[in-house]
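Numbers restart at 1 for each chain; the letters A, B, ... are given by sequence-line order, proteins then strands.
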Protein chains: 2
Amino acid sequence: MDTRERLIDSTRELLWERGYVGTSPKAIQRLSGAGQGSMYHHFGGKAELALAAIERSAGEHRERADAVFTGPGTALERVTAYLRREREALRGCPVGRLTHDPDVMADPALRAPVEETFALLTGRLTALLAEAGEKGEIDARLDPADTAAALVAVLQGGYVLARATGSAETYDRAVDGVLGLIAVHSPTAP
Amino acid sequence: MDTRERLIDSTRELLWERGYVGTSPKAIQRLSGAGQGSMYHHFGGKAELALAAIERSAGEHRERADAVFTGPGTALERVTAYLRREREALRGCPVGRLTHDPDVMADPALRAPVEETFALLTGRLTALLAEAGEKGEIDARLDPADTAAALVAVLQGGYVLARATGSAETYDRAVDGVLGLIAVHSPTAP
DNA sequence: GTCTATAGGACGATAGAC
DNA sequence: GTCTATCGTCCTATAGAC
């Protein structure tokens, strides 16, 4: 991996763990092994580097989600697979975390990838839930868009809970809880 | 309001908006109107001030929640009232936000109020959901603890969604979504 | 491309006068 | 209690040699 890639990677890591304000160019240099001059040769500054890092993280995030959404199984099975996908609960969401970073949200360029990612997630889930409703996999009375928002929120909130309690299990609890709510009134439930 | 209180209040505000790393003593002084010497007379430093601010925020948060949990109505009505309570969605949760702050989570003293707050919320909701299940207000097959975790997560995740989309409506969508999930298989549902 | 040197400012805290 | 002065460090960036 070349220096440029190592810089992006290190920035992604630090952004995930410490956020934008908490991430200094010096820390990025230390983690990536690149020197001062090297970093400023490849990127104009902290903001430019952060943009590359955020776009990369958001892009990968969407690709991984898409792989599940367009994967095998019924609509409900794909929704469930997405919710059950393994995540590093205690580390939080690398994209969702950025919403709490005022400097990221204040910059339209930095903010855009975050916004797009959540738009894609809720959009895809809305479509899948609509399909699940039509096919009788879930209760047809459920509003697809509202339910999709609730599902995405459970995941994002699950990270908060996991970090607050210091246990990744709390994340699983929240996911189990919302899956229980969906499953218990699905036509195939006992 | 005396200087000490103004310092705590300003710190709460800044912690809410910018987090611990993003909040400097200088900014606290500016917002509170207190001078350098004044701040360090009342508090040992940034961490001590943050502790007072976090304890205050977490305490108020728990009191407001308790007021709804022990208020009028059936168990399900109280759960619903809690979910529907007005919140400043775009500002995020002043307590939940801190879970993304590594410096806060690394300090046991700063972390404790956050942990306790979420323990109380999930605990109270678990009890109410158990009661609602026993009284037939919701499906008795729902696991109270898992469902409670999901509800708290929806609220916390709702803030993330609202900030990501830039619209407080997204928060309401998520709440509507999870209320829909509960309502649709409650015995009183159409 | 990468290095070292340097800069102006902010950060977090301390000291001592009043 | 509050003020001003001062401190050492880190932050973010630029300059220029190699």
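With respect to the salt-bridge test (charged N to carboxylate O, under 4.0 angstrom), the residues R163(A) and E115(B) do not qualify. Residues R18(B) and D103(A) are paired through a salt bridge, judged by an N-O separation under 4.0 Å between the basic side chain and the carboxylate.
When rounded to the nearest whole Å, the span between CD1 of I28(B) and P of dC11(C) equals 11 Å. Atom C1' of nucleotide dG1(D) and atom CD of E5(B) are separated by 16 Å, given to the nearest angstrom. Q29(B) has its CD atom 14 Å from the P atom of dA10(C), to the nearest Å. The interatomic distance linking K26(B) (NZ) with dG12(C) (C1') rounds to 11 Å, in whole Å. To the nearest angstrom, C1' of dC11(D) lies 8 Å from NZ of K46(A). Atom-to-atom, CG of L7(B) to P of dT2(D) comes out at 9 Å; the value is rounded to the nearest Å.
Within residues 17-24 of chain A, the residues that place at least one heavy atom under 4.0 Å from DNA chain D are, in residue-number order, T23(A), S24(A). For DNA chain D, the neighbouring residues in residues 33-45 of chain A, judged by any heavy atom under 4.0 Å, are Q36(A), Y40(A), G45(A).
Environment of CD in E17(B): sparse, with no more than 12 heavy atoms of neighbouring residues, nucleotides or ligands closer than 6.0 Å. Dense packing is recorded around CD of E5(B), with more than 12 heavy atoms of other residues, nucleotides or ligands lying under 6.0 Å away.
Under the ring-ring contact (aromatic ring centres under 6.0 Å, His included) criterion, F69(A) pairs with Y82(A), not counting sequence neighbours. For E55(A), the salt bridge (Lys or Arg N to Asp or Glu O under 4.0 Å) criterion is met by no residue, not counting sequence neighbours.
Side-chain nitrogen and oxygen atoms of T3(B) include at least one within less than 4.0 Å of the OP1 or OP2 phosphate oxygen of dT2(D).
Every pair passing side chain to side chain donor-acceptor pair (under 3.5 Å) that includes a residue from residues 84-97 of chain B is listed here, sequence neighbours excluded: E13(B)-R91(B), R84(B)-D176(B), R87(B)-Y171(B).
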Show which side-chain atoms of residues 147-162 of chain B pair as donor or acceptor with protein atoms under 3.5 Å away, not counting sequence neighbours.
from	atom 1	to	atom 2	distance (Å)
T147(B)	OG1	D143(B)	O	2.6

